[in-house]
*Asks:* 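Dropping a structure here in structure tokens format, bear with me for questions.
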2 protein chains.
Amino acid sequence: MVTLAEVARHAGVSASTVSYVLSGKRSISLATRQRVEESIRRLGYHPHAGARALASSRSNIIALMVPLRTDMYVPVMMEIAIAVTTTARTHGYDVLLLTGEEGPDAVRRVTGSGLAEAMILMDVELDDERLPLLRATDQPSVLIGLPAETDGLTCVDLDFEATGALCVEHLAALGHRDIAVIGEAPAVYERHTGFAERTLLGLRDRSRRLGLGLLHRPCAGGYDALALTLARIFDERPGTTGFVVQNESAVEPLLALLRQQGRAVPEDVSVVAVCPEQVALHASVRLTSVAVPAQEMGRHAVEQLVAKLGGRGSDEVVLLAPELTVRASSGPVPARP
Amino acid sequence: MVTLAEVARHAGVSASTVSYVLSGKRSISLATRQRVEESIRRLGYHPHAGARALASSRSNIIALMVPLRTDMYVPVMMEIAIAVTTTARTHGYDVLLLTGEEGPDAVRRVTGSGLAEAMILMDVELDDERLPLLRATDQPSVLIGLPAETDGLTCVDLDFEATGALCVEHLAALGHRDIAVIGEAPAVYERHTGFAERTLLGLRDRSRRLGLGLLHRPCAGGYDALALTLARIFDERPGTTGFVVQNESAVEPLLALLRQQGRAVPEDVSVVAVCPEQVALHASVRLTSVAVPAQEMGRHAVEQLVAKLGGRGSDEVVLLAPELTVRASSGPVPARP
DNA sequence: ATGAAAGCGCTAACAC
DNA sequence: GTGTTAGCGCTTTCAT
């Protein structure tokens with residue numbers, strides 16, 4: 001292994017000079033710098049990460065904690081993870097991947113060992129058990145998601161409440177009076193995942209204000225579950241003409257079943273989805289949707305974190321404004337027969 | 001920060017004793033061990049990762065390089081990544097996430113800096129540009145996927161050639177004589193991704209031996225692309241009764257379009273998919289499929305890697321045997337009208 | 001069964 | 001603008 005000392009010897013300078021050439025923390029004459037850089041190249045030198053971390057107490061690593069459940073909103077998670085990783089690299093950081101499995105212990109371990117300097121948590125629950133630890137430590141962290149209590153925390157998320165409101169508004173503007181919401185699996189609500197509950201809040205609130213009927217049904221996704229859910233909805237509210245779906249694995253089944261029942265989209269019923277852009281575009285009917293801006297969330301989270309690590313940046317809740325894109329799945333409510 | 005020295009003082013022992021209690025590398029009297037463990041707990045001690053890495057030249061980190069493209073076989077990738085991470089933890093390793101973006105440089109950086117002790121590469125191309133580096137370094141690595149030349153490499157993958165053969169055999173046994181293959185996007189083949197080409201090889205080989213007609217069409221996925229592809233297939237081979245799909249985002253469109261054209265599955269046409277279990281189960285028709293064993297691949301890769309790190313383990317290509325599960329999408333070929 | 005001490009490779013004062 | 005040097009916290013001989 002090539003060490004800094006060897007580079008120094010090879011370039012005929014002291015160790016500190018090499019170190020400073022690398023860090024740029026003090027001015028070096030052009031000549032020396034070039035000599036050192038040449039030696040570095042020639043010897044194929046790479047600074048030892050551990051030694052660096054030890055001497056500087058900075059590991060240049062941030063931890064990313066992803067949910068263990070691989071059955072839900074997977075594409076979003078993956079997209080965020082990748083956005084986090086590439087953005088982190090542009091700031092000189094590497095990303096350590098942690099699964100939710102270890103729970104709060106992972107936070108302790110990573111925090112305590114100096115392995116990571118900071119962390120990003122995904123899939124935050126309203127009353128997340130990791131939050132006390134985050135508040136207790138002085139390690140910077142950013143949540144992707146919004147817990148119930150955000151004091152002393154930095155959060156980035158889509159404004160799901162506004163998202164819900166936006167969906168209702170769109171349907172209302174088209175004349176729909178009875179709206180059904182097909183939500184995430186019951187388990188998601190039971191875990192009090194923030195985004196699901198907040199969307200619901202926005203949906204309810206806005207439909208109440210606009211005097212619309214709103215029926216919310218969690219749904220596990222897949223054809224069988226959805227068939228059941230859909231039957232119940234039309235049973236209970238036969239006049240339903242508008243749907244809001246927030247569940248990737250329910251989107252296609254919904255469209256297929258509606259078609260199968262002879263309800264045309266968007267002539268007879270309108271569908272608005274909350275999902276990644278890709279899902280909306282690839283569905284059998286191009287979906288009017290509010291996109292979950294996964295990349296932007298990941299990027300934003302890293303930038304907040306880096307700001308904090310640099311002493312800038314504050315505890316702040318950033319809610320990205322939802323944007324509804326009208327496509328082929330929503331239209332005016334049909335005239336009463 | 002609590003250091004090992006402080007623990008030693010608190011427990012009234014030497015630093016080395018504490019270290020050995022932690023590593024178990026030499027026998028410690030029960031009394032001392034308990035005293036030390038108690039001190040560790042009381043002081044909330046966590047060994048400093050960097051110091052450890054420096055002193056032992058072992059970082060306890062393995063790198064996982066995932067493809068940058070977030071548009072393809074995402075659930076599989078995510079499942080593998082999570083399996084890798086959790087399995088690694090059971091062996092005391094953490095996982096550093098790298099995206100393909102940096103390319104071969106990432107290998108150099110991580111290898112050279114001692115940041116990671118070993119690496120796992122996903123999405124390996126037949127002639128991957130990272131391979132020369134892997135062969136040159138003495139860092140252990142495992143590929144998930146199979147390049148053209150596996151000399152000196154350790155690889156884990158589903159046996160896609162056998163997978164292709166298995167699909168054809170299943171359809172042949174049901175009496176199908178004309179089979180169409182709906183493959184991954186053209187780009188996947190252009191990149192010479194191993195799994196796609198090897199599946200094709202298996203499909204072609206077996207159908208030739210069995211005297212079946214086989215038509216292969218790459219497809220970008222989504223409804224529009226698939227509609228086009230499907231039209232061409234029936235145009236060229238009107239007698240097609242069997243389909244093999246290897247493209248998650250083509251599965252549902254295929255089923256929908258067939259239905260729409262009045263071709264019943266499995267009465268008129270049979271469909272066999274190569275996809276994650278979940279996709280097969282959640283489709284509108286429960287799909288006869290060969291599952292891509294993502295979890296097993298991830299787990300296996302880590303175990304191979306850990307074996308190599310421990311001096312055991314050899315360069316070996318492990319091809320997991322495909323298993324075809326018969327569900328509701330395949331049946332006997334219809335009688336000629 | 002335990003201790004003492006020499007590094008591991010780097011950073012960051014402190015000198016000049 | 002550059003060199004000298006004292007650690008950073010841990011592992012691991014070498015002693016006893």
Side-chain angles (χ1 to χ4, degrees), chain A residues 1-37 39-40 43-61 92 94 109-117 309, chain B residues 1-37 39-40 43-61 92 94 109-117 309:
Chain A
M1 211 222 163
V2 187
T3 70
L4 182 147
E6 301 181 80
V7 173
R9 199 174 324 123
H10 185 267
V13 297
S14 74
S16 56
T17 298
V18 177
S19 177
Y20 284 119
V21 165
L22 253 28
S23 70
K25 286 188 182 171
R26 79 180 181 192
S27 44
I28 305 280
S29 74
L30 185 62
T32 342
R33 169 190 280 96
Q34 290 181 334
R35 217 143 28 85
V36 170
E37 279 167 350
S39 300
I40 287 176
L43 301 180
Y45 168 72
H46 285 274
H48 184 105
R52 223 171 208 191
L54 178 56
S56 66
S57 348
R58 308 196 340 87
S59 66
N60 279 292
I61 290 179
D94 271 296
R109 190 169 59 81
V110 162
T111 288
S113 67
L115 221 192
E117 298 178 41
L309 284 167
Chain B
M1 211 222 162
V2 188
T3 71
L4 181 147
E6 300 180 78
V7 173
R9 198 172 324 122
H10 185 266
V13 297
S14 74
S16 54
T17 298
V18 177
S19 178
Y20 284 118
V21 165
L22 253 29
S23 69
K25 286 187 181 169
R26 80 180 180 192
S27 43
I28 305 281
S29 75
L30 185 63
T32 336
R33 168 188 283 99
Q34 289 180 334
R35 215 142 29 85
V36 171
E37 279 167 349
S39 299
I40 289 176
L43 301 180
Y45 168 72
H46 285 273
H48 184 107
R52 224 172 206 190
L54 177 56
S56 66
S57 349
R58 309 198 338 90
S59 66
N60 279 293
I61 290 179
D94 271 297
R109 191 169 58 81
V110 162
T111 287
S113 66
L115 220 192
E117 297 178 42
L309 284 167

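Numbered from 1 within each chain, the chains take letters A, B, ... in sequence-line order.
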*Asks:* Any idea which of C:dG9, C:dA1, D:dT11 is nearest the A:Leu54 side chain?
*Replies:*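 Side chain of A:Leu54 sits closest to C:dG9.
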*Asks:* Please state whether the phosphate of D:dC8, meaning OP1 or OP2, lies under 4.0 angstrom from any side-chain nitrogen or oxygen of A:Ser57.
*Replies:*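 False: A:Ser57 side-chain N/O out of range (4.0 Å or more) of D:dC8 OP1/OP2.
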*Asks:* How close or far is atom C1' of D:dC10 from atom CD1 of B:Ile40, stated in whole angstroms?
*Replies:*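 After rounding, the reported distance stands at 13 Å.
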*Asks:* Does the side chain of B:Ser14 get closer than 4.0 angstrom to OP1 or OP2 of C:dA4 through an N or O atom?
*Replies:*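 For B:Ser14, the contact criterion (side-chain N or O under 4.0 Å from OP1 or OP2 of C:dA4) is not met.
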*Asks:* Quick one: the side chain of B:Thr17 and the base of C:dA1, do they pair up donor-acceptor inside 3.5 Å?
*Replies:*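 Side chain to base: no pair below 3.5 Å.
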*Asks:* Closest nucleotide of DNA chain C for B:Leu30 versus for B:Ala55: which of these residues is on the 5' side?
*Replies:*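 Mapping each residue to its closest nucleotide by heavy atoms, the 5'-most match is B:Leu30.
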*Asks:* Find the distance B:Met1:CE to D:dG9:P and express it as a whole number of Å.
*Replies:*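 One finds 7 Å between P of D:dG9 and CE of B:Met1, rounded.
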*Asks:* Check the distance between C:dG9's P and A:His10's NE2 and give it to me in whole angstrom.
*Replies:*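 My rounded result for the distance is 18 Å.
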*Asks:* With respect to the side chain of A:Thr32, which nucleotide from D:dT2, C:dC10, D:dT12 is positioned closest?
*Replies:*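 For the A:Thr32 side chain, the nearest candidate turns out to be D:dT2.
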*Asks:* Quick one: is C:dC8 close enough that its OP1 or OP2 comes under 4.0 Å of any side-chain N or O from B:Ser56?
*Replies:*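 No, B:Ser56 has no side-chain N/O under 4.0 Å of OP1/OP2 on C:dC8.
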*Asks:* So A:Asn60 and A:Glu117, side-chain contact (heavy atoms from CB on, under 4.5 Å) or not? Walk me through it.
*Replies:* CA-CA 7 Å; A:Asn60 279 292; A:Glu117 298 178 41; 4.2 Å; yes
*Asks:* Mark yes or no for a side-chain to base donor-acceptor pair under 3.5 Å between A:Ser16 and D:dT4, with no hydrogen or angle criteria applied.
*Replies:*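 When only heavy-atom distances are counted, A:Ser16 does reach the base of D:dT4 through a donor-acceptor pair under 3.5 Å.
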*Asks:* Mind calculating the distance between OH (B:Tyr20) and C1' (D:dC14) to the nearest angstrom?
*Replies:*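 In whole Å, D:dC14 C1' lies 10 Å from B:Tyr20 OH.
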*Asks:* If you compare every side-chain N and O of A:Tyr45 against the phosphate oxygens of C:dC10 (OP1, OP2), does one of them come in below 4.0 Å?
*Replies:*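 For C:dC10, OP1/OP2 do have a side-chain N/O of A:Tyr45 under 4.0 Å.
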*Asks:* What integer distance in Å separates A:Leu4:CG from C:dG7:P?
*Replies:*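 Distance check: A:Leu4 CG to C:dG7 P gives 18 Å.
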*Asks:* Atom NE2 of A:His46 to atom P of C:dC8: distance rounded to whole Å?
*Replies:*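 Going from NE2 in A:His46 over to P in C:dC8 covers 21 Å.
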*Asks:* When rounded to the nearest 0.5 angstrom, what distance separates CG in B:Leu4 from CG in B:Leu43?
*Replies:*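 Rounded to the nearest 0.5 Å, the CG-CG separation comes out at 11.0 Å.
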*Asks:* Between B:Arg26 and B:Arg52, which is nearer to the 5' end of DNA chain D once each is assigned its nearest nucleotide?
*Replies:*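 Here B:Arg52 is the residue nearer the 5' end.
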*Asks:* Side chain of B:His48: nearest nucleotide among C:dA4, D:dG9, D:dG3?
*Replies:*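 Nearest nucleotide to the side chain: D:dG9.
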*Asks:* Hey, what do you get for OG (B:Ser19) to CZ (B:Arg26), rounding to the nearest 0.5 Å?
*Replies:*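 Rounded to the nearest 0.5 Å, the OG-CZ separation comes to 9.0 Å.
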*Asks:* Rounded to the Å, how far apart are A:Leu115 CG and D:dC8 P?
*Replies:*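 It is 20 Å, rounded to the nearest whole Å.
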*Asks:* Starting from P on D:dG9, measure out to CG on B:Asn60 and report it in whole angstrom.
*Replies:*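 Distance, rounded to whole Å: 19 Å.
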*Asks:* From the options D:dC10, C:dT2, C:dG9, select the nucleotide whose nearest atom is closest to the side chain of B:Ser29.
*Replies:*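 It is C:dT2.
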*Asks:* Identify which one of B:Val36, B:Thr32, B:Ile28 satisfies the side-chain contact (heavy atoms from CB on, under 4.5 Å) criterion when paired with B:Tyr20.
*Replies:*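 The passing option is B:Ile28.
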*Asks:* Find which nucleotide of DNA chain D each of A:Val13 and B:Ala15 is nearest to by heavy atoms, and output the residue with the more 5' nucleotide.
*Replies:*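 Nearest nucleotide further toward 5': that of A:Val13.
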*Asks:* Stepwise, does the side-chain contact (heavy atoms from CB on, under 4.5 Å) test hold for B:Glu6 with B:His10?
*Replies:* CA-CA 6 Å; B:Glu6 300 180 78; B:His10 185 266; over 6 Å; no
*Asks:* Show, in sequence, the C-alpha distance, side-chain angles and deciding distance for B:Val13 and B:Val21, and conclude whether the side-chain contact (heavy atoms from CB on, under 4.5 Å) test is met.
*Replies:* CA-CA 11 Å; B:Val13 297; B:Val21 165; over 6 Å; no
*Asks:* Hey, is the side chain of A:Lys25 poking within less than 4.0 Å of OP1 or OP2 on C:dT11, counting only N and O atoms?
*Replies:*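 Indeed not, no polar side-chain atom of A:Lys25 lies that close.
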*Asks:* For B:Gly12, answer base if it contacts any base atom (sugar-phosphate contacts may also be present), sugar-phosphate if it contacts only those atoms, and nothing otherwise; contact means non-hydrogen atoms under 4.0 Å.
*Replies:*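 Sugar-phosphate, backbone atoms only, no base.
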